[in-house]
There are 2 protein chains.
Amino acid sequence: MRIRIANHSGFCFGVKRAIKIAQEIRKERKGKVLTLGDLIHNKRVIEELRKEGIDSVDDISKINEGTVIIRSHGVSPSVIDQLKKKQIEIIDATCPFVKRIQRLAKKIVDSGYELIIAGDPNHPEIRALIGYTNGEGVIINSLQEIKNLKKKSRRAIIAQSTQDINFFKEIVSRLIDITNELRVLNTICDSTRIRQKSTSKLASEVDVMFIVGDKKSSNTNKLFKIAKEIQPKTYFIENADDIKPEMINSYEEIGISAGASTPQDLIDEVINKIKGIKTNKCYGERESTWMN
Amino acid sequence: MRIRIANHSGFCFGVKRAIKIAQEIRKERKGKVLTLGDLIHNKRVIEELRKEGIDSVDDISKINEGTVIIRSHGVSPSVIDQLKKKQIEIIDATCPFVKRIQRLAKKIVDSGYELIIAGDPNHPEIRALIGYTNGEGVIINSLQEIKNLKKKSRRAIIAQSTQDINFFKEIVSRLIDITNELRVLNTICDSTRIRQKSTSKLASEVDVMFIVGDKKSSNTNKLFKIAKEIQPKTYFIENADDIKPEMINSYEEIGISAGASTPQDLIDEVINKIKGIKTNKCYGERESTWMN
């Protein structure tokens, strides 16, 4: 038996950076340190941050003092304005890759191209992004939605940083039929691309696949979808207790991948749980075959 | 039994226009009227034009007098220069859609984008096109060739006017992985698009499919490939004699499509040949079921 972990599983650059910024600011400031919305989509990490004194507040009207950390997904300029008016200290931990998408979106709209955003309108990254274009831009979250679009001379398409590359390509493919000039800006971040690619590859090579992360995490859900299409025996695992012996059976090759917001200790717990089930069943696996 | 003809089969706008120009010029001029290369990729039409006094010459060095018609595929600027030096009258019958591609290619190269051309380097349209970019541009004629390309910041892709839309989309899909900004200019002409689309649709609905045209015709070959993938019983027909009774058997639905350079009388001959075979076999079809 072999447990194999997909490359780039777990925290991405932007998430690591936002947590580090929040923790450093917490040490430096005496007053309240809040994050506007959960810093990342993972209950466990949020709980740990709360214990360190970093609370999460959803509603801007409830913030009246202290320091506010802007999470990696970013916020719209109007939110920044509201915080400034309240004279709240703002620490911007928006992921630099997301910042680039915000700049590109504005530039596209300013240059007269119709902006297409391959993303989820309810995801905080997209809610923030649309603030940079004053609400302009057509958000496409399902292929069905493309059917509403008409022939157009000039369009530009960008993607949510954690978008599924195959979904993005499929949208492009359909837009080609109805657009004379289509500027394709592949804004899916490298970390997402590599994680999706290695997850696909691993799913095609193993007997069963576990995707570890929070169900609220958009990118973890996408990983699950990608893996499930390749390996039907793919399970979404929020914590180690979700793993049942019948999921593992006598499978030889077990694959694990995890979203950008999944902490390493949760991945470790999942590995230990699988090892435990296997040991109890006396499969006689050797420690040296674990791969990390 | 029903014979169904795909929409937009046969001569496209550019071909009709070039033939009309050549015939009008022939009537007006007293001296020699030549075309530089075959006016269209169809032996029969070329033979008819010859009878009308419009000869085809491949080698520019053999042209020393009279009037030269530039065919719908266009020629590179250097060819025009050579003809001008010889003081030959030039009548430009380049298809306006092809002219647009030539302008776009030049603009792309001038603006610093790497130019990708989805086309056949040996096709006259592409040989002419590359003259407008001073040889710049990467011509992609098979998916294999994309593997030689490296990551690049800015690229723009255009297509041979008669390119297969699915091949074009597949190239775009692969370029997305290695290009930060990709400008997609879908330069496949409307006539080609509609013909390919209606051929695909028809191939999926009939029992046997005939693609009529000259084997030298690039766009007819593409039609054949598209139909063959959908309906394995697809035949390339250069003339009515190519149709054998065993190809038709007792099939009920017979589809026909034809390339942009296929004359209507050849399509008519193919229809008559099929009718003849069916009649001899006493299938008892009614004239009213023929569709045109």
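Just so we're on the same page: letters track the sequence lines, and every chain starts at 1. Values below: every heavy atom of this structure, side chains too, minus hydrogens, waters and symmetry copies.
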dist N186(B):CG -> D177(A):CG (nearest 0.5 Å) comes out at 7.0 Å

Please rank E181(A), R155(A), R193(A), R183(A) by heavy-atom pairs under 4.5 Å with chain B and give me the top one.
R183(A)

Would you say the side chain of I165(B) lies within less than 4.5 Å of the side chain of I176(A), judging by non-hydrogen atoms?
yes

Please report the interatomic distance CD(E170(A)) to NZ(K169(B)), rounded to the nearest 0.5 Å.
8.0 Å

How about K197(B): does its NZ atom have over 12 heavy atoms from other parts shown lying under 6.0 Å from it?
no

Counting heavy atoms not belonging to H8(A), are there more than 12 under 6.0 Å from its NE2?
no

At a heavy-atom separation under 4.5 Å, does T187(A) approach chain B through its side chain, its backbone, both, or neither?
neither

Taking atom NZ as the centre, does K228(A) end up with more than 12 heavy-atom neighbours from other residues, nucleotides or ligands that are less than 6.0 angstrom away?
yes

